[in-house]
Amino acid sequence: MRIKLYLSLALILTALEIVLATEPVVLVDTLEELYEAASQSGQNVRVQPGVYRLAHYLNDERLEQLRSELPEGKGRPPRWLLRFSGSDNTFDFTEVTIEIDTELYSKLPYGYMRCLFIDGHNNSLQGLTIRNTGPEDKGSNGNSLSIFGNHTLLEDVAVYVSGSSPYGYGDLLGKGGPVLTGLKKQSGIMVAGQHNTLRRCKVISRAFGHCFYIQTQGHDTRDILLEDCYAEGLMRTTNEMLAETEGIVNELGYRSVYQNRDGRYMITPGYTKSLSEDGFRTYGGVGKVTLRNCTALNTRAGFEIGGTNEAESRTVLEGCQAYGTERAYLLGSNVWVRNCRGNITHGPLLYLRENTQGADIELELIPTLPTSTVHVLATIAGQEHQVRLFTKDPQGLVPALPIMLGFGMPAHAEMSSPILSKPTHHVTLTNELLCHPIIVSDDAKDLDIQSPGVVVKNRDTLSHRGRGSW
């Protein structure tokens, strides 16, 4: 009995300590209060449910004050509409929507627009919805939410992106250089810094820009986790674009920045383009990144991973899936892929870049019939790679597209551009797909190939089935 009494007292004292240590809840029901709370530290903030319109709050006087607070410097210093500069805060945004009118972009000086900018440390934001309103042809060349601080947690954050110019042609008119016309992009969520986590977040893009992307931006960016996140774009056929009798592509004579297979720089019929950029994108220079159970739908690349040869840690993709994309997985060096899958509705399952090394990839093909031109199942280049391609539905309908080993992706990963051979060596390819021939280029050496189908080299069909070395 005495032991039970001691245990009960201990539990009561522990509970009392927790209550006393817990910060009081700061209730916020205006944008003015939210701006104030976002600049303070050590708070537990609950924002009352509702729609908060930045355009209503940022009048001329407040914009003038905001402009005076923005940093100066060369290049593109950050520009924000709402800054979370405080640290050690939790923000409960359940049933809260922040609306960002695209007209606001032009009211700030030139820089890199980061509409909601989190540069404080050890902050948590939960349940927030961010939505663009206003003219759909106005982009900022920035993003809706940026993380620069360390130990940031985003949970159940949804971003609905619109506003870019031109929109409706994907990257056919350019994406940074060269370009055929002025470009105003708008992206979703950008992550820099260390030990930042996004769980159950989603970006629905109706603009030209990335959904999720991870960059250094001058920071030591590493130990980033995206888990159960979702990226969605919209697709459009090149035939629809070519049918336009007015507008920008008509004025440009239906030109493209990409060379097609007959040598012209023209929009080519028969293909399908994403109107956004990538679902999940990492750039070179970042440290350890893990993407777990993330899904991309109708984006340019489902997952474009810019792993570098000198990277000290691998980028990990685990349990991810890409559907209806221009290319499901576009991968670089030092990438580890397991339990991931994709289809070929609008483009290849895999591009493994040239001049890369050390990728270890297992990808499941979800059988599907393309709805427009798709030339290959995969291209593989580089060195010291291990690649396994398989399906759990061997009876599913799928065209007999080739796996091209010793070939780089087409220029800029544009499917209407030619596929060229690239130096490739010390690659192990295990192909468990029944209907996909392997084409090996003359630039591919020291290969270990296992496949149930034919392997073609120098345009001659080799009789090898099973395992072979070249």
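All residue numbers refer to positions in the sequence shown, counting from 1.
Under the 3.5 Å distance criterion, with hydrogens and angles disregarded, no donor-acceptor pair is assigned to the side chains of His346 and Glu326. Residues Thr272 and Ser372 bring a donor and an acceptor atom of their side chains to less than 3.5 Å of each other. For the residue pair Glu240/Thr237, the side-chain donor-acceptor check at 3.5 Å is satisfied. The closest side-chain donor-acceptor pair between Ser146 and Arg114 falls under 3.5 angstrom. Gln321 and Thr295 are linked by a side-chain donor-acceptor pair at a separation below 3.5 angstrom, with hydrogens and angles left out of the test. In the model, His375 has a side-chain atom that pairs as donor or acceptor with a side-chain atom of Tyr271 under 3.5 Å. Using modelled atom types and a 3.5 Å distance limit, the side chains of Asn143 and Tyr213 yield a donor-acceptor pair. Under 3.5 Å, the side chains of Asp92 and Thr94 contain a donor-acceptor pair of N or O atoms.
Using a cutoff of 4.0 Å between basic side-chain nitrogens and carboxylate oxygens, Glu277 and Lys175 are not scored as salt-bridged. A salt bridge is defined here as a Lys NZ or Arg NE, NH1 or NH2 lying under 4.0 Å from an Asp or Glu carboxylate O, and Glu136 with Arg206 fails to meet this definition.
Both tests do not hold together for Arg53 against Tyr57: distance to the six-membered ring centre under 6.0 Å, angle to the ring axis within 45°. By the 6.0 Å and 45° rule, Arg131 stacks over the aromatic ring of Tyr160. A cation-pi arrangement is absent between Arg353 and Tyr351, since the terminal nitrogen or guanidinium carbon is not both under 6.0 Å from the aromatic centre and inside a 45° cone about the axis.
Closest approach of Arg314 and Gly358 over heavy atoms only: NH2-O, 3.5 Å. The two residues Ser87 and His121 make their nearest non-hydrogen contact at OG-N, 2.9 Å. Closest heavy-atom contact between Ala192 and Thr216: CB-O, 3.8 Å. Residues Tyr329 and Cys320 share a closest heavy-atom pair of OH-O, 3.1 Å. Taking each heavy atom of Gln215 and Thr221 in turn, the nearest pair found is O-OG1, 3.1 Å. Across Ser421 and Ser441, no two heavy atoms sit closer than the pair CB-CB, 3.6 Å.
His195 and His151 have parallel rings, their planes meeting at less than 30° on a 0 to 90° scale where 60° marks the start of perpendicular. In this structure, Phe93 and Phe84 have perpendicular ring planes: the angle between them is above 60°, well past the 30° mark.
Under the 6.0 Å cut-off for aromatic ring centres, Phe208 and Tyr167 do not qualify, their centroids lying 6.0 Å or more apart.
A distance-only check finds a donor-acceptor pair linking the side chain of Asn196 to the backbone of Gly149 [under 3.5 Å].
Dense packing is recorded around CZ of Arg388, with more than 12 heavy atoms of other residues, nucleotides or ligands lying under 6.0 Å away.
Under the side chain to side chain contact (heavy atoms under 4.5 Å, CB included) rule, Ile147 has a single partner from Leu116, Leu125, Leu198, Thr197, which is Leu198.
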